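Here is the structure we will look at.
Per chain, numbering begins at 1; letters A, B, ... match sequence-line order. Keep in mind it's a predicted model, so treat the numbers as computed, not measured. FYI, side chains are in, hydrogens and waters are out, and symmetry mates aren't considered; it's all heavy atoms of this structure.
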2 protein chains.
Amino acid sequence: MVTIKQVAQEAGVSKSTVSRYISQNGYVGKEAQEKIEKTIKKLKFVPNLSARSLKTKRNQLVGLLLPDISNPFFPMLAKGVEEFLQEKGYRVMLGNIGEDEALEEDYLKVLVQTNAAGVITTHDFSEKFPDIDLPMVIVDRVGHKSNYGVFSNNEEGGKLAAKIVVEAGGKNIAVVSGPVTAININNRFKASVDFLETTNVHYQKFYSNSYNFEDIQVEANKLLNEFQEVDTIIAPSDIHGIAFIHEILARGKKIPEDIQVIGYDDILISQFVYPALSTIHQSAYKMGEEAAKLIYEIDNEQHIEKKRIELPIHYVERETLRKRKEH
Amino acid sequence: MVTIKQVAQEAGVSKSTVSRYISQNGYVGKEAQEKIEKTIKKLKFVPNLSARSLKTKRNQLVGLLLPDISNPFFPMLAKGVEEFLQEKGYRVMLGNIGEDEALEEDYLKVLVQTNAAGVITTHDFSEKFPDIDLPMVIVDRVGHKSNYGVFSNNEEGGKLAAKIVVEAGGKNIAVVSGPVTAININNRFKASVDFLETTNVHYQKFYSNSYNFEDIQVEANKLLNEFQEVDTIIAPSDIHGIAFIHEILARGKKIPEDIQVIGYDDILISQFVYPALSTIHQSAYKMGEEAAKLIYEIDNEQHIEKKRIELPIHYVERETLRKRKEH
DNA sequence: TTGAAAGCGCTAACAT
DNA sequence: ATGTTAGCGCTTTCAA
């Protein structure tokens with residue numbers, strides 16, 4: 001391993017000068033610069049980050065703690081985080097923690113052990129682990145108490161889904177809520193229901209507790225059996241939407257003629273399926289990007305305009321909703 | 001920040017004893033153990049990993065370099081890597097490097113800078129960056145020259161796809177190859193073609209250069225126009241398979257009655273779509289897990305039975321292929 | 001503009 | 001079974 005000392009000797013300068021050069025911090029003369037640059041290349045020197053971090057108590061590393069990386073929403077979020085931070089010279093440590101709090105604590109510990117710049121997570125741990133001192137930004141599932149957060153406008157999204165579906169002529173609507181751990185899903189569910197209350201359209205509430213296909217399949221069949229007249233389904237996520245499509249078509253019904261479906265998220269695959277899923281778009285990528293930006297700004301003590309960032313949502317028309325009347 | 005020194009003082013022992021205790025390396029008496037344990041809890045001490053890594057020149061960190069985390073195959077692989085390593089007390093650093101070699105080099109540098117235990121990647125960099133000294137295991141896209149690798153039996157998979165499709169009565173088969181950068185996809189494409197050559201079934205080759213929906217859509221329409229009699233499509237991936245389903249159904253054809261489709265990968269969503277995609281299963285999770293295990297074994301100088309691990313594939317019957325004749 | 005020196009928090013050889 | 005000591009590779013005052 002080549003060290004700063006060897007570079008210094010070879011270049012005929014002191015360690016400090018080399019240090020100033022590589023961390024671009026302090027004066028270093030033109031001549032020295034050139035010599036150092038040359039020998040760094042020659043010796044293929046790369047500074048040891050552990051040593052640097054030990055000394056400076058900083059580390060350009062941020063943790064990304066996700067409930068389930070195999071849920072298509074989160075890889076896109078991860079991509080947003082990674083691409084922003086990579087650009088700034090930071091790295092991301094990935095933790096797939098499910099709902100396991102012990103695991104979460106392990107990861108948080110490691111992050112403080114390494115002087116990480118911060119953590120991006122879907123779960124606010126500040127009450128559970130108040131001793132952990134680490135800049136934190138919550139993404140997606142942001143409650144009212146969280147200081148830093150990035151989330152999309154779930155109230156607006158839930159309302160919009162209901163509104164659009166009514167405009168498309170839904171008369172017997174099933175509103176489906178997702179797993180209860182996710183506050184964002186509950187918020188939009190409530191917003192949909194609230195909107196429906198202001199109309200004279202008939203609706204029924206249903207609950208899903210899983211992202212697993214077999215589970216959703218069972219739930220979907222229950223819904224379809226219990227609510228025979230259903231002509232519209234508001235799904236809590238695109239995954240659910242796609243599974244509902246499957247069950248509806250399997251029963252020989254037509255989409256959107258017999259039953260229309262609206263999803264939520266606009267994951268990549270939604271455009272691929274048939275019929276392509278009409279859905280409320282929220283940008284997981286942007287969410288990750290904004291969260292990463294916040295961490296970056298905190299770490300560099302920059303002025304932060306907004307600690308809680310609400311992202312817009314919009315409707316994406318595809319093939320699972322009937323045409324809306326103009327108005 | 002609480003240090004080992006403070007713990008030592010508070011517990012009335014020396015730094016070394018505390019060090020021995022926390023790294024479970026060397027003797028420490030029963031009494032001392034108890035005192036140390038107590039004060040660690042009391043002071044909420046967590047050892048500084050930068051300092052440890054600086055001293056030991058080791059770091060329980062492994063890099064995971066992926067071409068595109070938003071492609072559903074890779075999150076599952078990442079999950080396999082993460083869950084195995086997390087269990088062993090290692091962490092994973094995620095890099096989404098696309099096909100960008102400069103970015104790849106940056107990540108590799110950081111990994112050596114931090115004394116990482118190794119790197120799991122889809123791209124063998126040993127020829128491009130021969131100076132980088134880092135245990136490496138290649139996943140998925142494993143060439144003949146790579147030392148450590150985990151991959152599935154693409155030849156068998158390609159052959160199996162073709163065989164099954166013929167058994168299901170395919171008479172006019174379109175074999176589609178995926179993006180050329182992926183050696184695995186090319187291998188199974190070739191295997192499919194080779195098998196088809198041994199039959200007297202008519203087939204045509206097609207090429208896809210993208211995982212993007214609009215692109216595949218264009219390619220699919222070209223295929224469907226150029227090869228009017230097509231009754232079977234062998235897709236290079238499930239993503240492609242799902243997109244093909246979309247285009248076929250959009251043309252008012254029936255699946256599998258008019259045209260049958262077989263995918264490759266068995267990504268999560270394939271069971272959700274309608275009709276559910278029949279496909280060749282390969283386990284991205286297992287692939288990640290085995291790769292992580294290899295890195296772990298290398299890092300701990302354990303005996304390694306097989307440096308190149310070939311994973312089995314199997315056919316998953318769902319709804320996009322016609323029933324095969326018994327035989 | 002540069003160098004000397006101290007020290008970050010930890011481990012490990014050695015001595016006791 | 002435990003303590004002393006040196007030092008990992010870097011940064012950062014401080015003095016020159």
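Going from atom CD1 of A/Ile36 over to atom P of D/dT11 covers 12 Å, rounded to whole Å. At whole-Å resolution of the value, CD in B/Gln9 and C1' in D/dG3 are 14 Å apart. Rounded to whole Å, the distance from CD1 on A/Ile40 to C1' on D/dG9 is 14 Å. In this structure, the CZ atom of A/Arg58 is 18 Å from the P atom of D/dC10, given to the nearest Å. Rounded to an integer number of Å, the gap from CD1 of A/Ile4 to P of D/dC8 is 14 Å. One atom, CG of B/Asn48, and another, C1' of D/dG9, lie 14 Å apart when rounded to the nearest Å. Going from atom NZ of B/Lys5 over to atom P of D/dG3 covers 15 Å, rounded to whole Å. Nucleotide C/dT2 holds its C1' atom 14 Å from the CG atom of A/Asn25, rounded to whole Å.
Of the listed nucleotides (D/dA1, C/dT2, D/dT11), C/dT2 has the atom at the smallest distance from the side chain of A/Tyr27. Considering only side-chain atoms of B/Arg52, the nucleotide from D/dG9, C/dG9, C/dT11 that sits closest is C/dT11. Considering only side-chain atoms of B/Lys55, the nucleotide from D/dG3, D/dG7, D/dT11 that sits closest is D/dG7. Of the candidates C/dG9, C/dA4, D/dC10, the closest approach to any side-chain atom of A/Ser16 belongs to C/dA4. For A/Thr56, whose side chain is taken as the heavy atoms from C-beta onward, the closest listed nucleotide among D/dT11, C/dT11, C/dT1 is D/dT11.
When the nearest nucleotides of DNA chain D are assigned to B/Arg20 and A/Thr3 by heavy-atom distance, the more 5′-ward of the two goes with B/Arg20. Each of B/Thr17 and B/Leu54 lies near DNA chain D, and the nucleotide nearest B/Thr17 is the one positioned closer to the 5' end. Along DNA chain C, the nucleotide nearest A/Gly29 and the nucleotide nearest A/Lys15 are compared for position; the residue whose nucleotide lies closer to the 5' end is A/Gly29.
Side chains of B/Asn59 and B/Thr114: a donor-acceptor N/O pair is absent below 3.5 angstrom, by distance only. When only modelled atom types and interatomic distance are considered, B/Gln86 and A/Tyr107 share no side-chain donor-acceptor pair under 3.5 Å.
Phosphate contact (OP1/OP2 of C/dG9, side-chain N/O of A/Lys57, threshold under 4.0 Å): present.
The residues A/Asp299 and A/Arg58 are annotated as salt-bridged, a charged nitrogen and a carboxylate oxygen being separated by less than 4.0 angstrom. Of the charged side-chain nitrogens involved, at least one lies within less than 4.0 Å of a carboxylate oxygen, so that B/Glu290 and B/Lys286 count as a salt-bridged pair.
A/Phe45 comes within contact range of the sugar-phosphate backbone alone, with a heavy-atom separation under 4.0 Å but no base atom that close. At a threshold of 4.0 angstrom between heavy atoms, the contacts of A/Leu49 with the nucleic acid are absent.
Contact annotation: side chain of A/Ser19 to base of D/dT12, donor-acceptor pair absent below 3.5 Å.
Cation-pi geometry between B/Lys88 and B/Tyr296 is met: the NZ or CZ atom falls under 6.0 Å from the ring centre, inside 45° of the normal.
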